[in-house]
Amino acid sequence: MSAMQSPQTLAEKVWNAHVVRRGEGEGEARQPDLIYIDLHLLHEVTSPQAFEGLRLAGRPLRRPDLTIATEDHNTPTLDIDKPIADLTSRTQIHTLRDNCKEFGVRLHSLGDKEQGIVHVVGPQLGLTQPGMTVVCGDSHTSTHGAFGALAFGIGTSEVEHVMATQSLSLKPFKTMAINVEGTLKPGVTAKDIILAVIAKIGTGGGQGYVLEYRGSAIRSLSMDARMTICNMSIEAGARAGMIAPDETTFEYVKGRPHAPEGEDWDAAVADWKQLHTDEGARFDAEVFLNADELEPFVTWGTNPGQGVSLSENVPTPEDFEDENDRKACERALTYMGLEGGTPMKDIRVDTVFLGSCTNSRMEDLRAAAQVIKGKEKDPNVRMIVVPGSARVRLEAEAEGLDQIFKDFGAEWRFAGCSMCLGMNPDQLAEGERCASTSNRNFEGRQGKGGRTHLVSPLVAAATAIRGTLSSPSDLVNAPVSV
Amino acid sequence: MEKIVSHTGIGVPLRQSNVDTDQIIPAVYLKRITRTGFEDALFAGWRRDENFILNQEPFNTGSVLVAGPDFGTGSSREHAVWALKDYGFKAVISSRFADIFRGNSGKQGLVAAEVAQSDIELIWKELENNPGTTVTVDLESRTVHCGSISAPFQIDDYTRWRLMEGLDDIGLTLQHEEDITAYEAKRPAHKPRTLPARTAG
């Protein structure tokens, strides 16, 4: 790399710093680059077949010291001190424990203070830092891009590849700038930004791209909020999402268990300050969004691109020009049990789920608690609150948030993926309708026949009070600012 | 991985966009720790409907799935590819694939052939009008054939080469182990390590 290098985007800088071996050839025919991986996160669901592959080939795990595992997807959020009731699930968890022991991988098991959703645990321990490459057998690995890391989900074959080689063969991604300028209105949050972005570019709009979120609205967000945004990049089809690190990032990382210290800290920050898109660098695509105009955003359909502002109505198939979109709308309305033209705010829910790697951090819990404090829950609604990690749970309890949720009538659970993915005991019943702070509203995602509306923590909280999809501004005596 | 140069089999028209991996294999089937035996899990939710295409003859014996745009979106679960393969599919045709699904397919010898939506519409009509018509996916010429229809498809050169040669990725990478070791030697000292474990106490 020369001093006269042409301007680069953030994603290109991180990529170029991790090239072990450049692919041969030029243009379309160029072979993939071999990219070094700084951190490999593991969980019980996508790792067993990879460990088995290593064992069968007699290969060692190359860098246990760059690998960490936690139990999250297939774990219960109640009675965690008892043996897991479902035998297949128990076997999967025990397989992870055995594999980690055999290959020398650090594991935070159920009951451990550092256990939790893998994408909450990495940042919390200070293992996620700017400029790193982070992978995990989970598509929401994009979460870690909030730190200016290049972080993306991989399949089990690639998990095995990283275990054996600490690298991946990859074709360079294209880059897309998502510019969000302006100031969010009270009650509008990071979740609303990302849902609006997905509705704008579609579930395939980001395909082949790394998204870089930029602009004044992004800069003003906390790390928890930035993680919410980067988390859902995959829902726009993008492999990864990134935000350039700044003082907010450094402040978050500093002092965490695995943050650099002393001279290492100074060297790290000096490196991290270079991690921004250069003046004059070119993106392959650009999208613009005005933060001033955004309202709370919710989904009505069965993919995350099927969303509208909360003040709007459920669309009708005739609203769509494209035939595939029209059919998708028809099918989604049938599955969701909705009629086109219904005001979103008239939709009554059975359940409110506050949790998932999208919205289960301290800031999310605080925001929801502030809305419900001293209010009464709609008696027909059940509300489940699932902190993203055991550490978040402890911190929330130290602040008294658990008591606010319990007084309100919500269930206060142990950490895990919970109702986000219909795998562990927390699931929707057939036809049950849920306002969920998670990331996917696919058919059956939260349980066979379950119906999901993706919402922000603030909308989740207000909905639990009113029983219909609502924002805090719909509440009588609404707080002036939340 | 088995070599695959060309495949011919009964085409299955799946007129649907945004077929996400939760539909291809619902999460409850991800509890297993094996890499095979997922055929019963494929489209488990939809297969409960007797009108679903895979519940109809001769489509139930199909091996080339022809789907709408944005196939394989959502979760990174490679189980989606395993389930398609275990059921008997050798190729999926769509006008747009999700990145991770496409990557997983390439690793497992399932051909993900990107065909223009206008050609897919023609193939759908052919397969619906003449159930049991075969579709040929030919990697050598990067073309799909169905009845009188011939359409080009896109697949990146590297994946095509690996599929045709049946190459194992890890083996290929380990040929460059010296480069990896050399890279490791110059990584900045401030990069974090998971071991020894540090916690907040």
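A, B, ... follow the sequence lines: proteins, then strands. Residue 1 opens every chain.
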Next on the checklist: Whether A:Arg62 and B:Glu177 form a salt bridge (side-chain N of Lys/Arg under 4.0 Å from carboxylate O of Asp/Glu) is what I want to check.
Outcome noted: yes
Checklist entry - Do A:Leu34 and B:Thr173 have side-chain heavy atoms sitting under 4.5 Å apart? => result yes
Item to check | Closest approach of B:Tyr158 to A:Ser169 (non-hydrogen atoms, all atoms of both residues) | outcome: OH-OG, 4.2 Å
Next on the checklist: Distance check, rounded to the nearest 0.5 Å: A:Gln446 atom CD versus B:Asp22 atom CG?
Outcome noted: 10.5 Å
Checklist entry - Does a donor on one side chain sit under 3.5 Å from an acceptor on the other, for A:Gln92 and B:Arg32? => result no
Checklist outcome for this item: Separation between NE2 (B:His190) and CD (A:Glu261), nearest 0.5 Å, reads 14.0 Å
Item to check | B:Glu78 and A:Thr46: side chain donor to acceptor below 3.5 Å | outcome: no
Checklist entry - CG of A:Asp138 to OG of B:Ser75: how many Å apart, nearest 0.5 Å? => result 7.0 Å
Checklist entry - Which answer fits B:Thr34, side chain, backbone, both or neither, if we ask what part of it has an atom under 4.5 Å from a heavy atom of chain A? => result backbone
Item to check | Closest approach of B:Thr199 to A:Pro257 (non-hydrogen atoms, all atoms of both residues) | outcome: C-CG, 3.6 Å
Next on the checklist: Is B:Asn104 in contact with chain A via its backbone, its side chain, both, or neither, using a 4.5 Å heavy-atom distance?
Outcome noted: side chain
Next on the checklist: Between B:Phe101 and chain A, with a heavy-atom cut-off of 4.5 Å, which part of the residue counts as in contact: side chain, backbone, both or neither?
Outcome noted: neither
Checklist entry - Strictly by modelled atom types, are A:Thr203 and B:Asn18 linked by a side-chain donor-acceptor pair under 3.5 Å? => result yes
Item to check | Test: A:Asp38 and B:Arg187 ion pair at under 4.0 Å | outcome: yes
Checklist entry - Does the side chain of B:Glu184 come within less than 4.5 Å of A:Tyr36's, by heavy atoms? => result yes
Checklist entry - Rounded to the nearest 0.5 Å, how far does CD of A:Gln49 lie from OG1 of B:Thr36? => result 9.5 Å
Next on the checklist: Report which part of B:Pro69 has an atom under 4.5 Å of a heavy atom belonging to chain A: side chain, backbone, both, or neither.
Outcome noted: side chain
Next on the checklist: Quick check for you: to the nearest 0.5 Å, what is the distance between A:Glu443 atom CD and B:Gln23 atom CD?
Outcome noted: 4.5 Å
Item to check | Check: A:Gly153 main-chain N/O paired with B:Ser76 side-chain donor or acceptor under 3.5 Å | outcome: no
Item to check | Side chains of A:Ile154 and B:Ile100 in contact at under 4.5 Å (non-hydrogen atoms) | outcome: no
Checklist entry - Do A:Gln427 and B:Val28 have side-chain heavy atoms sitting under 4.5 Å apart? => result yes
Checklist entry - Quick one: does A:Asp65's side chain have a donor or acceptor within less than 3.5 Å of a partner on B:Thr194's backbone? => result no
